[in-house]
Number of protein chains: 2
Amino acid sequence: MEVRELTYFVAVAEERHFGRAAARLGIAQPPLSRAIKAIEHRVGVPLFERTSRGVLLTAAGEVLLEDARRLLEASTAAVARARRAGSDQPRLVLVLKPGADGGMLAEVLREYEHAPDAVPVDLHTCGFREHAGLLRAGVGDVALIYGKDPDLAGLDSEELFREGQILVVAQDHPLAARPSITMDEVHAQPTPLWTGDGSVPRQGELPQLVALGRWIHLAPISAGHHLRRDVAAVPVSDAPELPVLLAWPEQHRSKALASFVRTAVDIAAERRSLR
Amino acid sequence: MEVRELTYFVAVAEERHFGRAAARLGIAQPPLSRAIKAIEHRVGVPLFERTSRGVLLTAAGEVLLEDARRLLEASTAAVARARRAGSDQPRLVLVLKPGADGGMLAEVLREYEHAPDAVPVDLHTCGFREHAGLLRAGVGDVALIYGKDPDLAGLDSEELFREGQILVVAQDHPLAARPSITMDEVHAQPTPLWTGDGSVPRQGELPQLVALGRWIHLAPISAGHHLRRDVAAVPVSDAPELPVLLAWPEQHRSKALASFVRTAVDIAAERRSLR
DNA sequence: TTACGTTACGGTCTCCGTAAAAATT
DNA sequence: AATTTTTACGGAGACCGTAACGTAA
C-alpha cells in the first residue's frame with residue numbers, strides 16, 4: 001500500500017464523494033476511481049459503498065481510515081524529523097502554549113544549557129490541545145502540557161508535578177477582590193466560565209474577552225505571573241490540581257531529548273521537595 | 001515519501017550495502033542508488049555516508065530508520081486489519097503464549113460469547129515477547145501478556161490482576177518435594193535459572209529442558225495447572241507478582257474488542273474480590 | 001434529465017535493467 | 001586490481017487526462 005494511495009483513499013473517505021475528492025487532490029475522477037478500485041482489489045474487500053449521491057464507508061473502510069490518517073501523519077513526520085536531525089545544528093523544539101511554562105521553564109532551560117548532550121532549544125508555541133498533534137507531525141520534539149486528560153496516543157510522557165488553580169477574572173469583576181474562592185462559588189457566579197470546549201479561540205482572544213468581563217476562566221497558579229494588567233487572579237482553594245506533563249514521540253529518545261527530560265524531571269522533583 | 005522508497009531505504013540501512021540491499025529487494029543496484037539519492041534530495045539532508053566498503057547511516061538516517069521501520073510495519077498492519085474487518089464473518093484474534101491463560105481465559109471466552117457485540121474469537125499462539133509485534137503487525141486484535149516490563153509502544157493496555165509465581169523444576173530435582181521456597185533459595189541452588197534473556201527457545205523446548213533437569217524456571221501460578229507430568233512446581237513465597245495485562249493496538253477499540261476487554265476486566269475484578 | 005461513478009483510449013512520465021564509468025582502498 | 005557506487009541510455013509499465021458510457025434518483 002503506497003502513501004499516494006492512502007492519500008487518495010482518505011480524500012474519498014473524508015469527502016464521501018469521488019468528484020470532490022478528485023478536486024481536492026488536484027486530479028481527475030477517473031484515475032481516482034481506478035486507484036480506489038485497485039486498492040480494494042488488493043485489500044480484497046470493498047472499502048466504499050457506491051450510491052448515486054456519493055459513497056459510504058464500509059466497516060473495513062472505517063478501520064482503514066483510522067490507520068491511514070495515522071500513517072499519513074507519521075510519514076510526513078518522519079521526513080520532518082529526519083530533516084531536522086540532519087540539519088547542521090541540531091536543535092530541540094519544545095512545544096508549549098504561550099504562558100504555560102509551569103513557572104520552571106526558565107530554570108530548566110538555564111540548567112539544560114550545561115547538561116551533557118545539550119543542544120539549543122527552540123520554542124514553538126501552539127494553541128489549545130495542539131501539542132500532541134505537533135509532536136506527531138514531527139514539528140516538535142517535546143511538549144509541556146497542562147491538563148487532566150491530554151491526548152497522549154503515540155506519545156511517551158512523564159508527569160513533572162501538579163499545580164493548583166486560580167480563577168482569572170476582569171479587574172472590576174465582583175470576585176476580583178476576594179482573597180480566595182471555592183469551585184462552588186465559581187460555578188454559582190453569573191459570568192460564563194470558559195472550559196475549552198467548543199470553538200478554539202484565536203491566540204490572545206481569551207485574555208481579551210476576560211478583560212472585557214465576558215468570560216472568566218481557570219488557570220494554573222504559575223500562569224498568574226504573566227497575566228495582563230487589566231485582569232485579576234483569585235486562588236481557588238478546592239480546584240482540582242492540574243498535572244503538568246512532559247511528552248515526546250514514542251521511542252524518540254535522542255540523547256538531547258533524554259537529557260532535557262532528565263533535567264526537567266530533576267528540577268521538578270527538587271521543587272516538589274522544597275515545598 | 002512513498003512506502004516503496006521507505007522499503008528501499010530500510011533495506012540499504014539494514015544491509016549497510018547497496019548491492020546486498022538491491023539483491024534483497026530483488027532489483028538492480030542502479031535504480032536503488034537513484035531512489036536513495038532522490039529521497040536524500042527530497043528530505044534535504046544526506047542519509048548515508050558512502051564509503052568504499054559500503055555505507056554508514058548519518059544521524060538523520062538513524063532517525064529516519066526508526067520511523068521508517070514503524071511506518072512499514074504500520075502500513076502492512078493497516079491492510080491486514082482492514083481485510084479482517086471486511087471479511088464476511090468478523091472475528092477477534094487473541095494473541096497469547098501457549099499455557100499463559102491466566103487461569104481465567106476459559107471463563108472469559110464463555111462469558112464473552114453472550115456479551116453484546118460479541119464475535120467469534122480466534123486464538124493465535126505466539127512465543128516469548130512476540131505479542132506486541134503481532135498486534136502492531138495487525139495479525140491480532142488483543143493480547144494476553146504476562147510480564148514486568150512488556151513492550152507496550154503503540155498499544156493501549158489494562159492490567160487484569162497480578163499473580164504469584166512458582167518454580168518449575170524436574171520431578172527428581174532436590175527442590176521438587178519442598179512445600180515452598182524463597183527467591184534466595186532459587187538463586188542459591190545450582191541448576192541454571194532460565195530468565196528469558198538471550199536466545200529464544202523453540203516452542204516446547206524449555207519444558208523439555210526442565211524435565212531433563214538442565215534448567216529451572218519461574219512461572220505464574222496459573223501455569224501450574226497444565227505442566228508436563230515429569231516436572232514439579234514449588235510455590236515461591238516471596239517472588240514478585242507478575243502483572244497480567246490485556247493489550248490492544250492504540251485507538252483500535254472496535255465494539256467487539258471493547259466488549260471483550262470489558263468482559264475480561266470484569267471477570268478479573270470479580271476474582272480479585274473473591275480472594 | 002441530472003448527478004455520479006466507471007470504462008475506454010491515447011499520451012506522458014516514472015521506474016527499471018543493462019552497460020559503461022568514476023572513485024576509493 | 002578489485003570492490004562499490006554512480007551515470008548513461010533504452011524500453012516497459014504505471015499513471016494521468018479527455019471523452020464516452022452506465023446507472024440510479
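Proteins come first, then strands; the chains are lettered A, B, ... in the order of their sequence lines, and each starts at number 1.
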Using a strict heavy-atom distance below 4.0 Å, which residues from residues 41-62 of chain B are in contact with DNA chain D? Arg50(B), Ser52(B), Gly54(B)
Do the side chain of Glu113(A) and the main chain of Ala118(A) share a donor and acceptor less than 3.5 angstrom apart? no
If you draw a 6.0 Å radius around CD in Glu111(B), do more than 12 non-hydrogen atoms from other residues or ligands fall strictly inside? no
Counting only heavy atoms not in Arg91(B) (residues, nucleotides, ligands), do more than 12 fall under 6.0 Å from its CZ? yes
dG5(C) phosphate, OP1 or OP2: any side-chain N/O from Lys37(A) under 4.0 angstrom? no
Identify the 5'-most and 3'-most nucleotides of DNA chain D with at least one atom closer than 4.0 Å to a non-hydrogen atom of chain B. dT4(D) to dC9(D)
Arg42(B) and Glu5(B) ion-paired at < 4.0 Å: yes
Is the number of heavy atoms from other residues, nucleotides or ligands under 6.0 Å of Asp149(A) CG greater than 12? yes
Salt bridge (charged side-chain N to carboxylate O under 4.0 Å, His left out) partners of residues 28-40 of chain B, not counting sequence neighbours, each pair once: Glu40(B)-Arg50(B)
side-chain contact (heavy atoms from CB on, under 4.5 Å) between Val121(A) and Leu123(A), intermediate numbers included: CA-CA 6 Å; Val121(A) 176; Leu123(A) 268 55; 3.8 Å; yes
Any chance you could list the contact pattern along nucleotides 9-16 of chain C? Use B for base contacts, S for sugar-phosphate-only contacts and - for none, protein heavy atoms under 4.0 Å, 5' to 3'. B-----SB
Can a salt bridge be assigned to the pair Asp151(A) and Arg136(A) using a cut-off of 4.0 Å between side-chain N and carboxylate O? yes
When the axes are fitted on five pairs at both termini, how much does the helix from dT1(C)-dA25(D) to dT25(C)-dA1(D) curve, in 10° steps? 30°
Treating Tyr112(B) as the side-chain partner and Ala256(B) as the backbone partner, does any N or O pair qualify as donor plus acceptor under 3.5 Å? yes
Any residue meeting side-chain hydrogen bond (donor to acceptor under 3.5 Å, both in side chains) with Arg83(B), in chain and number order, not counting sequence neighbours: none
Before accepting this row, confirm whether a basic side-chain N of the pair Arg24(A)/Glu14(A) lies closer than 4.0 Å to the acidic partner's carboxylate O. yes
Does the plane of the ring in Phe9(B) sit parallel, tilted or perpendicular to the ring in Phe48(B)? Use 30° and 60° as the thresholds. tilted
